Amino acid sequence: MIQIIASDMDGTLLNDHMVISEKNAAAIKKAQAAGVKFVVSTGRGYTEIKPLVKDAGFNCPMITLNGAQVFDESGKLITAAPIHDQLSTKIIRFLKQQNLYFEIVASKGIFSDNKAKRIENFAELLTRVSPETPYKLAVSMAAARLELMNINYIDDYAKLVEDPHTRIFKIVAFSNEGHQVLDPIKKELEKFDALIITSSSSSNIEINHVNAQKGAALQAYADSLNVPMDNVMAIGDNNNDLSMLKLAGVSYAMGNAITEVKKVAKRLTTSNTEDGVGHAIEEVLKED
């Protein structure tokens with residue numbers, strides 16, 4: 001019997017318009033009405049996710065930043081796994097040396113040191129999930145969307161590290177050249193035992209403290225409710241979902257998932273543009 005359902009966001013719960021579809025939302029509400037705990041498990045930060053969940057008409061706990069922060073239904077922070085300051089400084093210097101654009105997610109929100117690059121990256125994401133969208137339109141949509149998000153612009157990331165009241169939870173580096181540029185950088189960063197390096201798309205790498213993993217966070221949440229992992233379901237599409245898909249008793253890969261995710265997951269659902277999360281939830285609810 002499934003007691004907890006955890007779903008990734010980008011490429012999974014979100015469709016090509018970057019929102020939660022009515023079918024997905026209806027299936028989630030149906031599961032919640034049946035007593036199943038639904039949990040968002042994402043690489044995004046709380047301030048990015050909360051409006052999307054609210055617009056879909058439901059509320060739920062959130063595993064954010066790949067597990068670096070976990071919030072309950074009321075928005076109260078339950079656990080946190082930040083990257084310590086000395087290591088953050090090393091990462092920032094290294095990425096700057098590689099001439100990579102990157103963003104930092106900290107306790108005070110999401111930070112960028114280049115607004116034009118931020119818009120460009122979001123536009124690239126929109127064209128990937130919706131290829132029929134012209135790039136110029138994607139740029140306009142990205143600029144408008146980012147105005148609605150709590151994005152902070154800063155001229156020097158070192159100020160975040162130096163602020164004693166700020167903790168850094170995730171650093172995300174981007175390259176439109178994908179694996180060719182990012183893989184060597186990932187290998188260098190993996191030399192730090194205190195880090196875990198994942199990705200949510202082929203054009204980024206996500207840098208977290210080693211304790212910040214979706215699987216570990218989901219396990220801890222299940223343990224807090226005395227729910228065995230056999231009764232937990234996880235749904236995802238990319239590299240940063242692997243840890244939770246491996247631990248969950250029931251695991252679904254999206255139709256649009258990368259090959260490695262499809263190999264690890266026990267089941268396959270439709271793509272994120274075809275309400276794959278909703279179909280997977282309906283399937284397990286019928287079984288139960």
Side-chain angles (χ1 to χ4, degrees), residues 2 4-32 36 38-45 48-58 60 62-66 121-133 137-138 141-142 145 149 172 174 178 198-204 206 214-215 218 233-246 248 250-285:
I2 296 300
I4 298 172
I5 297 173
S7 174
D8 170 51
M9 292 290 285
D10 290 278
T12 302
L13 186 58
L14 301 182
N15 60 19
D16 55 344
H17 298 293
M18 305 300 285
V19 296
I20 301 169
S21 71
E22 290 184 8
K23 182 174 179 60
N24 282 347
I28 290 166
K29 293 172 190 175
K30 184 177 180 180
Q32 290 177 325
V36 178
F38 181 81
V39 184
V40 163
S41 184
T42 176
R44 292 195 189 206
E48 290 181 288
I49 296 307
K50 184 62 178 179
L52 296 170
V53 170
K54 184 178 179 180
D55 287 347
F58 65 90
C60 66
M62 300 183 191
I63 296 170
T64 69
L65 307 178
N66 294 329
N121 276 315
F122 206 92
E124 290 285 349
L125 174 61
L126 290 174
T127 55
R128 282 198 301 275
V129 299
S130 183
E132 71 278 4
T133 302
L137 176 59
M141 292 169 64
R145 183 75 61 86
M149 294 181 179
V172 189
F174 302 89
T198 58
S199 62
S200 57
S201 80
S202 60
S203 62
N204 73 28
E206 302 188 343
K214 290 185 179 184
L218 182 57
M233 169 178 158
I235 315 169
D237 75 305
N238 221 305
N239 178 268
N240 63 344
D241 301 315
L242 289 171
S243 62
M244 70 174 181
L245 294 172
K246 289 174 181 176
V250 176
S251 54
Y252 276 88
M254 300 297 293
N256 53 287
I258 63 172
T259 301
E260 190 174 2
V261 165
K262 289 181 177 179
K263 287 180 178 178
V264 167
K266 299 178 178 71
R267 302 185 182 188
L268 181 68
T269 186
T270 54
S271 74
N272 66 311
T273 61
E274 300 169 303
D275 308 308
V277 170
H279 288 299
I281 292 174
E282 289 283 358
E283 190 170 276
V284 295
L285 289 179

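Below, each value reflects all heavy atoms present in this structure, side chains not excepted, and no hydrogens, waters or symmetry copies. Only a predicted model underlies this, so the values are computations on that prediction, with no experimental measurement involved.
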All heavy atoms of K214 vs all of S243, minimum pair found to be N-OG, 3.6 Å
Checking side-chain polar atoms at under 3.5 Å, does D275 have a donor or acceptor matched by the opposite partner on S21?
yes
Report yes if some heavy atom in the side chain of V264 is under 4.5 Å from a heavy atom in the side chain of S251; otherwise report no.
no
Taking it one step at a time, do I281 and I5 satisfy side chain to side chain contact (heavy atoms under 4.5 Å, CB included)?
CA-CA 8 Å; I281 292 174; I5 297 173; 4.0 Å; yes
Taking side-chain hydrogen bond (donor to acceptor under 3.5 Å, both in side chains) as the test, write out the residues that go with D237, two or more places apart.
T12
Atom pair CD1/NZ of I258 and K262 - distance to nearest 0.5 Å:
10.0 Å
Distance, nearest 0.5 Å, that separates OG1 of T273 from CG of D16:
6.0 Å
Taking the side chain as every heavy atom from C-beta outward, state whether N24 and L13 have any atom pair closer than 4.5 Å.
yes
Do you know the tightest heavy-atom contact between M254 and V277?
CE-N, 4.1 Å
Considering all heavy atoms, the nearest A234-L245 contact:
O-CD2, 3.5 Å
If only atom types and distance count, is the side chain of K266 paired as donor or acceptor with the main-chain N or O of A248 below 3.5 Å?
yes
So do the side chains of V40 and I63 get within less than 4.5 Å of each other, counting heavy atoms only?
no
If you compare all heavy atoms of G236 against all heavy atoms of A257, which two are closest, and at what distance to 0.1 Å?
O-CB, 4.2 Å
Which heavy atom of I235 sits nearest a heavy atom of A280, and at what distance?
CD1-CB, 4.3 Å
What distance separates M62 CE from I49 CD1, expressed to the nearest 0.5 Å?
7.0 Å
pair I20-D55: side-chain heavy atoms closer than 4.5 Å
no
For the residue pair M9 and L52, establish whether any side-chain heavy-atom pair is separated by less than 4.5 Å.
yes
Heavy-atom donor-acceptor pair, T269 side chain to G276 backbone, under 3.5 Å:
yes
NZ/NE/NH1/NH2 to OD/OE distance under 4.0 Å, E282 and K23:
no
Side chain to side chain contact (heavy atoms under 4.5 Å, CB included) between I4 and M233: does it pass, once the steps are laid out?
CA-CA 6 Å; I4 298 172; M233 169 178 158; over 6 Å; no
With a sphere of 6.0 Å drawn around NZ of K30, does it hold more than 12 non-hydrogen atoms of other residues, nucleotides or ligands?
no
Under 4.5 Å between any side-chain heavy atoms of L268 and Y252, yes or no?
no
Quick one: pull up SG in C60 and NZ in K50 and give me the separation to the nearest 0.5 Å.
7.5 Å
Keeping H279 on the side-chain end and S271 on the backbone end, is there a donor-acceptor pair under 3.5 Å?
no
Partner of R44 under side chain to side chain donor-acceptor pair (under 3.5 Å), chosen from D10, T64, N66:
D10
Please round to the nearest 0.5 Å and tell me the distance separating atom OG of S201 and atom CG of N239.
10.5 Å
Can you name the closest pair of heavy atoms from G11 and N272 and give their distance?
O-CB, 3.3 Å
Output yes when a side-chain donor or acceptor of N15 lies under 3.5 Å from a complementary backbone atom of H17, and no otherwise.
yes
Answer whether the closest heavy-atom distance between the side chains of S41 and D8 falls below 4.5 Å.
no
Spacing of E48 atom CD and T42 atom OG1 [to the nearest 0.5 Å]:
7.5 Å
Is any side-chain heavy atom of R267 less than 4.5 Å from a side-chain heavy atom of E283?
yes
